[in-house]
Amino acid sequence: MVMIHVKTKPKRSNLFHSSFTSLLNYQKNKNPFLSHYNYHSQAIQQNPNTDPRNTLLSSSKVSNIPTHQIQSYYGSLLQSCIAQKAVSPGKQIHALISQMGFGFHPVLATKLVHLYSACDCLHNAHQLFDRIPQRNLFLWNVLIRAYAWNGPYEVAIELYYRLLEIGLVPDNFTFPFALKACSALSAIEEGRRIHEDVIRNKWETDVFVGAALIDMYAKCSCVVNARQVFDKILERDVVVWNSMIAAYGQNGQADESIELCREMILTGLKPSEATLVTVISASTDIAALPQGRELHGFSWRHRFELNVKVKTALVDMYAKCGLVKVARNLFEQLGEKRVVSWNAMITGYAMHGHSTKALDLFEKMKDEVQPDHITFVGVLSACSRGGLFDEGRMFFESMVRDYHIDPSVQHYTCMVDLLGHSGRLDEACDLIMQMRVKPDPGVWGALLNSCKLHGHVKLAELALEKLIELEPHDAGNYVILSNIYARAGNWEGVAKLRKLMIDRGIKKSIACSWIEVKNKVHAFLSGDASHPNCDEIYAKLKWLEGRMKEAGYVPGTESVFHDVENDEKANMICCHSERLAIAFGLINTPDGTKLLITKNLKICDDCHIAIKFISKITEREITVRDVNRYHHFKDGICSCGDYW
DNA sequence: CTAGGGTTAG
């Protein structure tokens, strides 16, 4: 504690004295809110007409306290504000010290920038930063960190370059912040440049810098580079391991992710809560139920069974893998249900088309926690999946009115979906036009999809035009419009689009489906003939096709887009990856077993029809999880009601 | 002098 000797006569400086008393109290209590507000309230009590700021200012003028001591007071006050993220007392202190002429005092100003940066007052932080005459590396780091967390991320990178320009040498704090900004932007080129600077400054083996590099490469889909960095770090801590485990998970390599987790434990490190959450979400992303189950057991063995975050990750995992009931059981066991847990369960129901259950749960949730913007994504998508038009519109309005949530692109996407499904295409288009956020591919994609359902050619053309601007290389968009043309008999349009795709060198991504049988993943590409049981699979498909035709199935051809002859088209459809996976599943599981197939693209129209037949003929429940939803086929019917 | 990395939800 700093000792102050204040020679004051009580008569002159009651106020001043009390302010310092409260500052001293603050030092004892470490509570800037209390001390600061105590001081202000006392000041105002004693002289209601005085502006408290002026009071303190005039007091300090008449006092004989040395300047550096006053500065040291405000320094410690600010330090405490930073620790408690108390921005409004900080602003008052800022005003005070500016009036005293210490506004750009290197230590105080730095602390202010730090405080503003930590409290989402980036504007204030940057403004002050620009006016401070002597800027040290710490100051730069603090500001870069603020932009790396809150964006705009470009500014963080710009600041990094400016820092280099003026000849400062970045340190082990600068790099993680700058790299985080690259991660957020998936800016691989900037990331690699900074990596070179890291190597030049010999920070590559630092755990903080290393973890940031791994994360940056992971977010830019460069897992191999991430692993190279990981291998160079000699003394890895849990976070470095977690970063690498997450890197695999984020890039669809769940097995590697789980394997690495095992390796970590073998080295004697204890997995943390984050390790479990990461590795569980990795298996969730590929709907790998056996791995997920194993990790459930694993969580028990490592005494994470009561951990709320881990359990929420498990709820999410079971819901996504199709075991909604198991998910619900775990959900009910949660000691503390936070927004995330509710969200996981609600979106779980929504994804599977259990709209009523999702909405029931939302009603319960409202009484316990405050729903957030993601809750509403779940609620609205439940409505659109269930065709609950009026409810959807009601929730959208209520979200804005009662919960003061600004609609995001995702909310608009749900609404476009909802309007589109009910045939209100022009209204959907109007909604996009009046959005206050920039429409993304998802919104236009929802419109395009609705146009497909209702055969609306004009709007589909508009939607594709917008989609081409946003993601010129995504083949899926072209294919949908081409199918709309084909269905309308507009072969000229089909040909025009095909030419466009060839001219621009756009290729359809390769379709892949996978299925788990006896704890092993079997993946199939479209037209795949490489599986050891290939003959058996094709024989099964041939048999199925015969039975399907008897039941009234007519192979469609419009989903096949490439230039093949007509009879060959029908052939290609029946060996789409999802059908190969289903045939394999039928052969290798006992009668009546449910099948879960995951596909990397959207399920095609013809396969959708075919699988409905297959589910009836074979008396199996078949679930296909495609890129954006689940289809539960049972007894010739799909849960999506043929709307997707 | 001060600060920092990984994780759950379409």
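All chains are named by letter (A, B, ...) in the order of the sequence lines, taking the proteins before the strands, and each is independently numbered beginning at 1. Just so it is clear, the model here is predicted, and its values are computed rather than measured.
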Point to revise | Parallel, tilted or perpendicular: rings of H632(A) and H354(A) (30°, 60°) | key: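 Geometry flag for H632(A) against H354(A): tilted rings.
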Please pick, from [options], the nucleotide with the shortest atom-to-atom distance to any side-chain atom of [X].
X       : options                 : result
T312(A) : dG5(B), dC1(B), dT8(B)  : dT8(B)
H114(A) : dG10(B), dT7(B), dA3(B) : dA3(B)
V107(A) : dT7(B), dC1(B), dG10(B) : dC1(B)
N141(A) : dG10(B), dT7(B), dA3(B) : dA3(B)
V340(A) : dG10(B), dT8(B), dT7(B) : dT8(B)
K111(A) : dC1(B), dT8(B), dG5(B)  : dC1(B)

Review point. So, are R328(A) and E332(A) salt-bridged, with charged N and O less than 4.0 Å apart?
Key: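 Salt bridge flag = yes for E332(A) with R328(A).
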Check your understanding: So, K357(A) and D360(A), do they make that salt bridge, N to O below 4.0 Å?
Key -> no
Base, sugar-phosphate alone, or nothing: which one does [X] contact when heavy atoms must sit under 4.0 Å apart?
X       : answer
V142(A) : nothing
S272(A) : base
V209(A) : nothing
V207(A) : base

Atom pair distance, as rounded to whole Å: [atom1] in [X] and [atom2] in [N]:
X       : N      : atom1 : atom2 : result
D206(A) : dG4(B) : CG    : P     : 15 Å
K180(A) : dA3(B) : NZ    : P     : 18 Å
L108(A) : dT2(B) : CG    : C1'   : 13 Å
D171(A) : dA3(B) : CG    : C1'   : 9 Å
I82(A)  : dA3(B) : CD1   : C1'   : 10 Å
F177(A) : dA3(B) : CZ    : P     : 10 Å
L276(A) : dT7(B) : CG    : C1'   : 10 Å
M216(A) : dG4(B) : CE    : P     : 21 Å

Review point. Under 6.0 Å between ring centres, would you say that holds for W149(A) and F177(A)?
Key: no
Is [X] near enough to [N] that one of its side-chain N or O atoms lies under 4.0 angstrom from OP1 or OP2?
X       : N       : value
T347(A) : dG10(B) : yes
W149(A) : dG5(B)  : yes
Q79(A)  : dC1(B)  : no
R145(A) : dG4(B)  : yes

Review point. Counting distance only, does the side-chain N/O of N201(A) pair as donor-acceptor with the main-chain N or O of W203(A) below 3.5 Å?
Key: no
**Study point:** Exercise: do S272(A) and T275(A) side chains pair donor with acceptor under 3.5 Å
**Key:**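 Checked: S272(A)/T275(A) side chains pair up, N/O donor to acceptor below 3.5 Å.
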Review point. Between F173(A) and dA3(B), do the rings stack, that is, sit under 5.5 Å apart with planes less than 30° off each other?
Key: yes
Check your understanding: Is D237(A) side chain donor-acceptor paired with the dG5(B) base, going by distance under 3.5 Å alone?
Key -> yes
